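The structure appears below as structure tokens.
Quick caveat: nothing in here was measured; it's all calculated off a predicted structure.
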Amino acid sequence: MDKKVGFKNPPVKYRFRKGQSGNARGRPPKVKNASTLLAMELDKLIIVRENGRETKITKREALVISLVNDAIAGKNQARALLVKIIDVSTPVDPFVRTAEDDAAFQAFIGQLAKPIEPESLEPELQHRDEGDGDGHDRAD
């Protein structure tokens, strides 16, 4: 036996045969979670007959059509669910700054920039400023 056995050199008996991979079964398929499975199922096409015509729509579309039809027919649970879905799915309009907003902001910044007058302070806060100048209140 002229071949050395060791690191990266397994014995001939355990080496891969020609034409045979070390991963014959391949990588196992990715496990799908419930939301992925639901989305896949809702995206499948079904044939629906409407007004004598057959059309292909997704199960998701069929579910929405059925929910809307039930709500229109007077089923209260369908109405409540439809209102919830509309509330959640309705996008909020983006904020658009106006001149009035700018004026209010500038007034606010102006209030922050004003120095505080000592007579506007409450009486107990004025006494706190009357100390020995080191910033500590002591009862010495």
Side-chain angles (χ1 to χ4, degrees):
M1 189 175 230
D2 55 351
K3 301 240 177 176
K4 186 176 170 187
V5 175
F7 182 67
K8 292 190 177 183
N9 289 311
V12 176
K13 178 180 176 184
Y14 296 106
R15 292 181 188 173
F16 296 126
R17 307 285 186 271
K18 290 211 180 251
Q20 181 181 3
S21 135
N23 190 10
R25 293 186 190 135
R27 183 178 181 162
K30 183 178 176 184
V31 177
K32 296 177 177 118
N33 60 18
S35 62
T36 304
L37 291 171
L38 180 62
M40 287 173 49
E41 191 62 33
L42 289 174
D43 290 336
K44 288 183 181 177
L45 292 175
I46 58 173
I47 297 172
V48 177
R49 184 167 297 159
E50 222 175 352
N51 299 329
R53 288 180 34 209
E54 288 184 353
T55 56
K56 287 184 180 180
I57 61 172
T58 63
K59 290 181 179 182
R60 186 183 312 264
E61 290 173 289
L63 188 63
V64 170
I65 291 168
S66 173
L67 180 64
V68 171
N69 289 340
D70 285 349
I72 291 171
K75 295 184 179 177
N76 289 330
Q77 285 182 332
R79 283 183 184 173
L81 182 57
L82 190 59
V83 167
K84 283 182 184 177
I85 291 171
I86 290 171
D87 285 344
V88 171
S89 63
T90 304
V92 177
D93 293 334
F95 175 73
V96 178
R97 200 167 80 189
T98 64
E100 186 178 307
D101 294 327
D102 289 338
F105 180 71
Q106 290 304 325
F108 176 71
I109 295 297
Q111 290 292 326
L112 290 177
K114 283 184 183 176
I116 299 174
E117 299 297 326
E119 52 272 355
S120 67
L121 294 174
E122 295 177 17
E124 64 258 5
L125 292 177
Q126 288 179 358
H127 296 299
R128 202 181 313 170
D129 291 338
E130 299 169 359
D132 56 0
D134 66 352
H136 299 285
D137 292 337
R138 292 189 202 123
D140 295 328

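With sequence neighbours excluded, no residue forms a side chain to side chain donor-acceptor pair (under 3.5 Å) with R15. With sequence neighbours left out, R49 forms a side chain to side chain donor-acceptor pair (under 3.5 Å) with E54. By the side chain to side chain donor-acceptor pair (under 3.5 Å) test, E61 is found to be paired with T58, residues two or more places apart in sequence or in another chain being considered.
Grouping Ile, Leu, Val, Met, Phe, Trp and Tyr residues whose side-chain heavy atoms lie under 4.5 Å apart, directly or via other members, leaves L37 alone, with no other cluster members. Hydrophobic cluster of V64: the remaining members, joined at side-chain heavy-atom separations below 4.5 Å, are L67, V68, I72, L81, L82, I85, I86, listed by chain and number. Clustering of Ile, Leu, Val, Met, Phe, Trp and Tyr by side-chain heavy atoms under 4.5 Å joins I65 with I46, V48, I57. Grouped with L38 in one hydrophobic cluster are L42, L63, the linkage being side-chain heavy-atom contacts under 4.5 Å among Ile, Leu, Val, Met, Phe, Trp and Tyr residues.
Residue pairs that meet the side chain to side chain donor-acceptor pair (under 3.5 Å) test with at least one member in residues 62-89, sequence neighbours left out, do not exist here. Listed by first then second residue, pairs satisfying side chain to side chain donor-acceptor pair (under 3.5 Å) with a partner in residues 24-37 read N33-S35, N33-T36, not counting sequence neighbours. Sorted by first and then second residue, the salt bridge (Lys or Arg N to Asp or Glu O under 4.0 Å) pairs involving residues 88-103 (not counting sequence neighbours) are R97-D102.
The two atoms that bring K44 and E41 nearest to each other are NZ-OE1, 3.1 Å, heavy atoms only. Smallest separation of non-hydrogen atoms from A78 and A71: CB-N, 3.7 Å.
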